[in-house]
Participant: 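I'd like to ask you about the structure that follows.
Note that these values count all heavy atoms, side chains included, but never hydrogens, waters or copies made by symmetry.
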Amino acid sequence: MPIFIAKIASLTSDSEVPAQFSRELRRADSFIKYAVLAAHKIFGGKQPEVQSFLQNCSLFLGSSFGPMEANMDVLHQVANREQTSPTLFSHSVFNAAAGYLTRIFELHGRALTITDFGFPFFQSLQQAISSLECGQSSNCLVIQVETFSQLLNDVRSSFCQVESATWQSGACAWLLTNEQTSNQALRLTNFNLNTHTALPGNYLQFEDKLEINGDLTQLQNPLDAAMEISRAMQDGSEKKYSFALVAPYGKMLLSVSP
Amino acid sequence: MTDTNRISITGMGCCCSAGNNSLSVWDSIDSNKVNCLQTAADFFHPHKSSPLFKVSSDNLVESCYPFFKEKLKSSFFNNINRTTSLALVAIGEALNQAQIDLNNLSTLRVGVVLGTTVGCTFDNESYYLNWQKGEAQDYSAFLSYLSANLSERIQALLQIKGPRAVVTNACASGTDAIGIAKQWLQNDMCDLAIAGGADEISRIACHGFSSLMLFSPNPCKPFDKDRQGLNLGEGAGILIMERENSAERRKAKTIGLVQGYGAASDAYHPTAPHPEGRGLQMAIQIALKDAGITMDQLCYVNAHGTGTQANDHAELTALAKLISPSDYSLPIVSTKGSTGHTLGAAGAIEAVLTIMSLQKGLTSGTTGCQEQDPRFPIKILAENKRISLMGSLGMSQSLAFGGGNSALILEAIG
C-alpha cells in the first residue's frame with residue numbers, strides 16, 4: 001500500500017499561541033501547547049471538516065522525556081508536601097497532549113502515545129505505517145514533542161563535563177495518508193527502523209548522526225532528527241531524499257520521492 | 001488448517017495483589033477475595049488515605065529468578081525498579097507456559113511492547129530535594145531513570161532483538177500494547193511478541209488521583225449503587241503472541257487467539273469519559289469488525305469498571321447501545337474489585353483474566369458490587385453471582401485519561 005507524507009510542520013519554543021486557542025490552552029503547559037500548535041500548522045490553520053477524515057485520522061505522538069516540566073512540578077509538590085494541583089497532575093500524564101489534540105481538532109480515531117529515549121518520532125512513524133498498512137487508519141498524524149526540565153539540563157552538564165547547549169524544546173509533525181492528496185505529497189519509498197539497547201549515558205551525551213543524500217550532520221538534541229529531515233523535505237530542492245540516522249541505540253533508514 | 005493472519009497466544013503471565021501468578025489471581029477473583037491495604041500512610045497525605053492493592057513483596061524477584069536463573073546472572077536483577085520486577089514476574093510465567101527456551105529467543109525477532117504510566121516518570125523525591133537545595137550529588141539516580149524504559153530494559157535483560165515500544169496511554173496502555181503486537185505480527189515485523197503492561201504504585205499517582213477526588217476511601221465497588229471511586233493497584237499482565245502457523249511449526253500449544261483490536265478517541269475531556277462512551281462504542285465496533293464477528297457472538301465482557309461515577313456510567317451506556325435487548329444476559333464483569341486499578345497494567349491483566357474465564361467456561365460476579373446502580377441501562381454480573389459461559393469469545397475493554405478507548409476480542413482455545 002503506498003504511503004504519502006502529505007504535510008509537514010515543525011515549531012520551536014518561541015512559537016506563539018494563536019488567539020483562537022487562548023481559551024482552550026489557558027491552563028496548558030508547554031508540552032501540550034507545542035503539540036496543539038504543530039497540529040494546527042499541519043491542518044493549515046483550519047479545522048478539518050471532512051467527517052470521514054476526522055473518524056479515520058489516528059494520532060501517534062512520541063516523546064523521549066514526555067511532559068517533563070509537568071512531571072517535575074508534580075514531583076516538587078509531592079516531595080515538598082504541598083497540595084497537588086489536579087490540573088498539573090492531569091497534564092503530567094503522558095497522553096494528556098493527545099487528549100487535548102483529539103478534543104481540539106475533534107479527531108475520533110486511534111490516539112497512541114509512545115515513550116522512548118531513542119527515536120521516539122520514528123517509533124511513532126513505525127506505528128503509523130503499521131496502522132495504515134493494516135487498514136486501521138487512512139490518515140495518521142505523527143508528532144514528536146519535547147520539553148526539558150532544568151534538572152535534566154543540570155544532569156547533562158554534570159555528566160557530559162562540558163558546556164552543553166540547552167536542548168531545544170518544540171514539536172515536529174507529519175500527516176501521513178494512503179492517498180496522494182496533492183502534487184506536493186512525498187511518497188514513502190523505504191522505511192526501516194532498527195533499535196537496540198544502549199547505556200543510559202548515551203541518552204545524555206547525544207551522539208546521533210544524520211546523513212541526508214550523503215551529507216553528514218551531527219545532531220544536537222532529541223528533536224533534531226525529525227526537524228532536520230522535515231526541513232530537508234520542505235526545502236524541496238531535491239527530487240528524492242535518502243536519510244540515514246545512526247545512534248548508539250539504533251539505526252533508521254528513510255527514503256522519499258515525489 | 002492454520003490461518004497466517006490469526007494471532008495465537010501461547011503463554012500468559014499475571015501478577016497483582018490477588019496473586020503472583022495467573023492461576024492464583026484467577027482463584028482469588030473467582031472467590032471474590034479483596035487483598036488490599038486499608039491504610040497506606042506512606043503514599044498519601046494524612047487523612048486522605050485510600051486502600052491500595054499492592055503485590056505481595058515477599059520474594060518478588062526470586063519468584064521469577066528461578067526461571068531466568070540458568071540464563072541470566074543474578075547481578076542483572078540489581079538496580080531494576082519495581083515496575084520492571086513486576087513485568088519480569090509475569091514474563092517469566094508467560095515464557096514458561098509458552099515453553100520458550102531463553103537461549104532460542106536470540107535467534108528470533110522478538111517484539112516487546114509494554115504499557116505503563118508510572119514506569120516512565122522520574123519520581124525520585126530525595127534526589128529532587130537535594131537538587132532543589134543545590135546540593136552536589138552523583139547522577140546515578142538519574143541514570144537509573146534513563147535505563148528504566150520498560151521495553152528497552154526487558155530487551156536488555158533477555159538479550160533479545162526486535163521492535164520495541166512503550167505505550168503510555170494511561171489506563172488503556174496494556175490493551176493498546178496487545179493491539180500493537182497483533183499488528184506487528186500480522187505485518188511480519190517480528191516472529192514473536194511479548195506484549196502487555198506493568199505498573200507499580202507510586203506516591204505521585206496516589207497524590208495525583210487524590211487531588212482529582214477519584215479515590216474511594218474504602219475498597220472499591222465497581223458498578224455498585226454506593227460506589228465512591230477507585231483504588232490504585234499494581235501488577236503486570238503479559239501475553240506471548242505469535243502467528244498461528246509459526247506456533248504450529250514449533251509445536252507450541254495455542255491457548256487463545258487475539259481476534260480483534262479497536263481503538264478510538266472520545267475527543268471530549270482531558271480526564272472524564274464521554275457520558276455516552278462514544279469513543280468506546282467506536283473502539284468496540286472497530287474491534288468486532290477486525291475480528292469479523294458481531295456483538296451477539298460474545299459470551300463475556302471484562303469491563304474497565306473502575307468504580308467511579310463517570311466511568312461506570314459511560315461504559316455501560318456505551319455497551320447498552322451495542323447490545324441488543326435479547327442479549328442483555330451477556331455477562332459483564334469488572335475485576336478491579338479484586339485487583340485495584342493497575343493503570344498501565346490493567347488492560348493486560350484483564351486480557352489474561354478474560355482468556356482464563358473463557359478457558360474455564362465460568363465467571364464469578366463483580367467483586368464489590370452488591371447491588372448495581374439502578375440507573376444503569378443494562379445489567380452487570382454482581383458479586384454473589386457465578387455463571388457458566390456459553391462460548392469461547394470474549395471482550396476486554398479499557399477507557400483512559402485523555403479520552404482514549406480500546407477493546408480486544410479474545411478467544412480461548414481448548
Side-chain angles (χ1 to χ4, degrees), chain A residues 55 59 66 68 71-72 74-81 83-86 89-96 98-100 102-103 105-118 123 126-127 130-131 133-134 136 151-152 154-155 158-159 193 195-201 203-204 249, chain B residues 45 117 120-123 125-126 128-129 131-132 139 142-147 149 151-153 155-156 161 163-170 176 180 183-184 186-187 189 203-204 207-213 262-271 278-279 282 286 290 400-404:
Chain A
Q55 295 283 358
L59 169 65
M68 202 179 195
N71 177 195
M72 289 297 166
V74 174
L75 180 61
H76 173 91
Q77 289 178 341
V78 173
N80 287 285
R81 300 188 184 278
Q83 190 68 32
T84 304
S85 158
F89 173 70
S90 62
H91 290 169
S92 74
V93 176
F94 273 48
N95 70 331
Y100 267 80
T102 58
R103 185 161 56 90
F105 299 101
E106 295 185 42
L107 306 175
H108 293 268
R110 184 181 178 196
L112 194 68
T113 299
I114 292 171
T115 303
D116 199 295
F117 294 117
Q123 288 209 12
Q126 186 177 57
Q127 300 313 318
S130 180
S131 190
E133 285 179 344
C134 74
Q136 270 237 343
L151 187 150
L152 169 63
D154 289 351
V155 170
S158 174
F159 182 83
L193 180 63
T195 55
H196 49 74
T197 59
L199 295 173
Y203 298 117
L204 291 177
Y249 30 84
Chain B
H45 281 304
T117 59
C120 270
T121 55
F122 182 80
D123 61 359
E125 291 178 48
S126 61
Y128 177 85
L129 287 171
W131 171 79
Q132 187 183 338
Y139 34 67
F142 202 83
L143 291 181
S144 292
Y145 154 70
L146 291 173
S147 65
N149 179 276
S151 293
E152 184 183 6
R153 189 71 174 174
Q155 279 187 321
K161 292 191 173 78
R164 73 164 184 252
V166 169
V167 180
T168 41
N169 262 16
D176 287 325
I180 287 172
Q183 288 174 350
W184 281 358
Q186 286 174 329
N187 290 346
M189 289 169 62
R203 278 171 43 85
I204 304 279
H207 284 254
F209 276 87
S210 179
S211 73
L212 288 165
M213 297 189 290
S265 301
D266 279 343
Y268 177 70
H269 189 274
T271 55
R278 70 179 173 200
M282 284 178 56
I286 294 167
D290 191 33
F401 260 30

Participant: I'd like to know if the side chain of B/Ser265 and the backbone of A/Arg110 have a donor-acceptor N/O pair within less than 3.5 Å.
Facilitator: no
Participant: Does any backbone or side-chain atom of A/Phe94 lie under 4.5 Å from a heavy atom of chain B? Answer side chain, backbone, both or neither.
Facilitator: both
Participant: Looking only at heavy atoms, what is the nearest atom pair of A/Pro86 and B/Leu212, with distance?
Facilitator: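 Heavy atoms of A/Pro86 and B/Leu212 come nearest at CB-CD2, 3.6 Å.
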Participant: By the definition side chain to side chain donor-acceptor pair (under 3.5 Å), identify the one residue from B/Thr121, B/Thr168, B/Asn149 that meets it with A/Thr115.
Facilitator: B/Thr168
Participant: So, taking the atom named CZ in B/Arg164 and the one named CG in A/Asp116, what distance separates them when rounded to the nearest 0.5 Å?
Facilitator: 4.0 Å
Participant: Under 4.5 Å from any heavy atom of chain A, what part of B/Leu143 do you find: side chain, backbone, both or neither?
Facilitator: both
Participant: Is the distance between the ring centroids of B/Tyr145 and A/Tyr203 less than 6.0 Å?
Facilitator: no
Participant: What part of A/Gln126 is in contact with chain B, defined as an atom under 4.5 angstrom from a non-hydrogen atom: side chain, backbone, both or neither?
Facilitator: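 Just its side chain gets close to chain B.
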Participant: Answer whether the closest heavy-atom distance between the side chains of A/Leu152 and B/Phe122 falls below 4.5 Å.
Facilitator: no
Participant: Is there side-chain contact between B/Ile204 and A/Leu75, with at least one heavy-atom pair below 4.5 Å?
Facilitator: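 Yes - at least one pair of side-chain heavy atoms lies under 4.5 Å apart.
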Participant: Quick check: do B/His207 and A/Phe89 have side-chain heavy atoms less than 4.5 Å from each other?
Facilitator: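 With C-beta onward as the side chain, the pair stays apart.
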Participant: Which one wins on heavy-atom pair count under 4.5 Å against chain A: B/Gly208, B/Gly402, B/Ala263?
Facilitator: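 Of the candidates given, the most pairs with chain A belong to B/Gly208.
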Participant: Taking all non-hydrogen atoms of both residues into account, name the closest pair between B/Met282 and A/His108 and its distance.
Facilitator: CE-O, 3.4 Å
Participant: Among the options A/Ser92, A/Gly99, A/Ser90, pick out the one with the most heavy-atom pairs lying under 4.5 Å from chain B.
Facilitator: A/Gly99
Participant: Is there a side-chain contact between A/Leu151 and B/Phe142 in this structure, where contact means two heavy atoms from C-beta onward sitting under 4.5 Å apart?
Facilitator: yes
Participant: Looking only at non-hydrogen atoms, find the nearest pair between B/Asn169 and A/Thr113 and report the distance.
Facilitator: OD1-N, 2.8 Å
Participant: Heavy-atom pairs under 4.5 Å with chain B - which of A/His196, A/Gln127, A/Glu133, A/Gln123 has more of them than the others?
Facilitator: A/Gln127
Participant: Answer with side chain, backbone, both or neither: which region of A/Ala96 has an atom nearer than 4.5 Å to a non-hydrogen atom of chain B?
Facilitator: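 Interface part for A/Ala96: neither.
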Participant: Find the one option among B/Gly404, B/Ala170, B/Gly403 whose heavy-atom pairs under 4.5 Å with chain A are most numerous.
Facilitator: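 Heavy-atom pairs under 4.5 Å are most numerous for B/Ala170.
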Participant: Side chain from CB out, backbone as N, CA, C, O: work out which of these in A/His76 comes under 4.5 Å of a heavy atom of chain B, or both, or neither.
Facilitator: both
Participant: Given heavy-atom pairs under 4.5 angstrom as the criterion, report whether the side chain, backbone, both or neither of B/Tyr139 touches chain A.
Facilitator: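 For B/Tyr139, the contact with chain A is made by the side chain alone.
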Participant: Against chain A, label B/Met189 side chain, backbone, both or neither, depending on which of its atoms sit under 4.5 Å from a heavy atom there.
Facilitator: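 For B/Met189, the side chain is the part near chain A, not the backbone.
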Participant: Does any heavy atom of chain B fall under 4.5 Å from the side chain of A/Met72, the backbone, both, or neither of them?
Facilitator: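 The answer is both parts of A/Met72.
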Participant: Taking side chain as C-beta onward, heavy atoms only, is B/Thr117 less than 4.5 Å from A/Val93?
Facilitator: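 A side-chain contact is absent here, since even the closest heavy-atom pair is not under 4.5 Å.
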Participant: Quick one: of A/Leu204, A/Asp154, A/Leu112, who has the most non-hydrogen atom pairs under 4.5 Å with chain B?
Facilitator: A/Leu112
Participant: At what distance, to the nearest 0.5 angstrom, does OG of A/Ser130 lie from CD1 of B/Ile180?
Facilitator: 8.5 Å
Participant: Tell me the closest heavy-atom pair linking B/Gln183 and A/Cys134, and the distance in Å.
Facilitator: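 What the structure gives for the nearest pair is NE2-SG, 3.4 Å.
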Participant: Using a cut-off of under 4.5 Å for heavy-atom pairs, which of A/Leu59, A/Asn80, A/Leu193 has the most such pairs with chain B?
Facilitator: A/Asn80
Participant: Tell me, for B/Asn187 versus chain A, whether the close heavy atoms (under 4.5 Å) come from the side chain, the backbone, both or neither.
Facilitator: side chain
Participant: Name the option with the most non-hydrogen atom pairs under 4.5 Å to chain A; the candidates are B/Ala264, B/Pro163, B/Ser210.
Facilitator: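 Among the listed options, the one with the most contacts to chain A is B/Ala264.
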Participant: Go through A/Thr84, A/Val74, A/Ile114 and name the one with the most non-hydrogen pairs under 4.5 angstrom from chain B.
Facilitator: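 Counting heavy-atom pairs under 4.5 Å, the top option is A/Thr84.
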